[in-house]
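One structure is given below, encoded as structure tokens.
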Amino acid sequence: MAATALPIESAAPEEAVQVMEHLAENLSLSTVLYSVLLFLACLLVMKVVMTLTDRAMTRLKVEPTVHKFTRSCLKVLMWLVTVMVVAAYLGLPINSLVAILGIVGVALSLSLQGSLSNLAGGITVMVTRPFAVGDYVEAGGVSGTVAEIGLVYTKLKTVDNKVIFVPNGEISTEKIINYNSQDKRRVDLTFSVSYDADPEQAKAIMREVVGAHPKALFTPEPFVRTTALGESSVNYTLRVWCAAEDYWGLYYDLLEQVRAAFDRAGIEFTYNHLNIHVIPPEKG
């Protein structure tokens, strides 16, 4: 590493010295005035380009974060072009300036490697739009409501009111689950019932509970069927659709209401238990 670092460190001062020597030899009052006018013309062009870009982004309804990032990148690029144009007019060695900028760019990229990875991830998230602010998602190993999408971090707010900043580099390389991307969700529940219960009665009770709930949707039709025969229980699966925002309310309501309806009908749930039979000793 030391052998490769020495030429890079010594190259920048040499290029800078060449630029300063050239300026000292060729600089004059008229050259300075024309350079200032050229610089002002470049600024005017830059302002026009930025205005047109802002209008285009607004018409296309680009996300504000992407708009700001694109604007910043374009501005940096135009400043570099302006510097090159003015330097070329002054007769400066462009190759030297490019070498200096290249060395600075390499140094910055090495020192900001992790941040650049997150930045690239942020651009990916903003372009692909797997989620939006307000969506409940599972991303980067964390679940929560998206509070803010930044260039480096995405801010998630958990159900217990914690705020977690997840690096965009992790989000862009892992699985993302968006629970709000569709307007409807399906509630899936499984109830393990004793073999002694009447199957048709158990299914009828579940259909009755679903039919009485105001948040349950009936298109598609609710699904109530026997789905497994276990060692000590029969499993009945209930699937019903609802609006995405009603998911958890319907989920917990059905758990409570089906349990209460089974209790009233005398249908028993199975659970692990141990029966002990005491055999009295024989007399005599």
Side-chain angles (χ1 to χ4, degrees), residues 53-54 56-77 108-190 210 213 215-223 227-228 235 237-255:
T53 302
D54 290 339
M57 292 285 186
T58 303
R59 289 178 182 176
L60 294 174
K61 297 181 180 179
V62 177
E63 190 173 341
T65 309
V66 179
H67 185 173
K68 291 179 182 178
F69 178 75
T70 304
R71 198 175 191 279
S72 299
C73 291
L74 183 60
K75 194 170 185 179
V76 170
L77 179 61
L108 288 176
S109 63
L110 290 176
S111 61
L112 301 175
Q113 187 173 1
S115 298
L116 291 175
S117 174
N118 291 330
L119 180 61
I123 296 173
T124 302
V125 169
M126 292 174 187
V127 171
T128 58
R129 297 184 179 182
F131 50 76
V133 174
D135 288 346
Y136 186 83
V137 302
E138 182 178 333
V142 180
S143 299
T145 302
V146 180
E148 181 181 335
I149 304 173
L151 285 175
V152 180
Y153 294 95
T154 293
K155 184 163 66 175
L156 300 182
K157 190 174 182 180
T158 64
V159 292
D160 55 348
N161 209 31
K162 291 187 295 187
V163 175
I164 302 177
F165 291 83
V166 185
N168 287 329
E170 297 181 8
I171 293 178
S172 63
T173 57
E174 294 189 6
K175 177 178 64 178
I176 301 173
I177 301 176
N178 189 335
Y179 294 99
N180 294 108
S181 60
Q182 304 297 320
D183 57 350
K184 292 189 296 185
R185 289 186 63 186
R186 192 181 71 186
V187 176
D188 291 5
L189 294 173
T190 299
V210 171
H213 202 291
K215 294 181 179 179
L217 301 179
F218 300 98
T219 304
E221 184 180 356
F223 174 91
T227 53
N235 290 343
T237 296
L238 168 62
R239 297 171 182 163
V240 57
W241 290 86
C242 66
E245 61 271 16
D246 295 333
Y247 178 85
W248 289 112
L250 180 62
Y251 181 93
Y252 292 119
D253 285 351
L254 291 179
L255 278 179

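Keep in mind that what you see is a predicted model, and the values were worked out from it rather than measured.
- Atoms NZ and CH2, on K215 and W248 in that order, are 13.5 Å from each other to the nearest 0.5 Å.
- Under the rule for a ring pair (Phe, Tyr, Trp, His ring centres under 6.0 Å), F223 has no partner lying at least two apart in sequence or in another chain.
- The side-chain heavy atoms of F131 and L156, taken from C-beta on, include no pair separated by under 4.5 Å.
- Minimum heavy-atom separation, A139 to V166: O-CG1, 4.3 Å.
- A distance of 11.0 Å separates CZ of R185 from CG of L250, quoted to the nearest 0.5 Å.
- Residues that satisfy the ring pair (Phe, Tyr, Trp, His ring centres under 6.0 Å) test with Y153, not counting sequence neighbours, are absent from this structure.
- When all heavy atoms of S143 and E138 are compared, the closest pair comes out as OG-CG, 3.5 Å.
- In this structure the side chain of V187 reaches within 4.5 angstrom of the side chain of Y247, judged on heavy atoms.
- Using a 4.5 Å cut-off on side-chain heavy atoms (C-beta onward), T237 and D188 make no contact.
- Open room surrounds OH on Y251; 12 or fewer heavy atoms of other groups in view lie less than 6.0 Å from it.
- Atom CZ of R186 is separated from atom CH2 of W241 by 6.0 Å, given to the nearest 0.5 angstrom.
- With hydrogens and angles ignored, the 3.5 Å screen pairs a side-chain donor or acceptor of N168 with a backbone N or O of G150.
- Considering every non-hydrogen atom in both K184 and L217, the closest pair reads CD-CD1, 3.6 Å.
- Atom-to-atom distance recorded for R129:CZ and D135:CG is 12.5 Å, nearest 0.5 angstrom.
- Nearest approach of V240 to P222, heavy atoms of both residues: CG2-CG, 4.2 Å.
- Here the side chain of N180 pairs a donor or acceptor atom with the backbone of Y136 at under 3.5 angstrom.
- How far NZ of K155 is from CD1 of I149: 12.0 Å, rounded to the nearest 0.5 Å.
- Contact of the V125 side chain with the P130 side chain is registered, since non-hydrogen atoms from C-beta on lie closer than 4.5 Å.
- Taken to the nearest 0.5 Å, the CD1 atom of I164 stands 12.5 Å off from the OG1 atom of T154.
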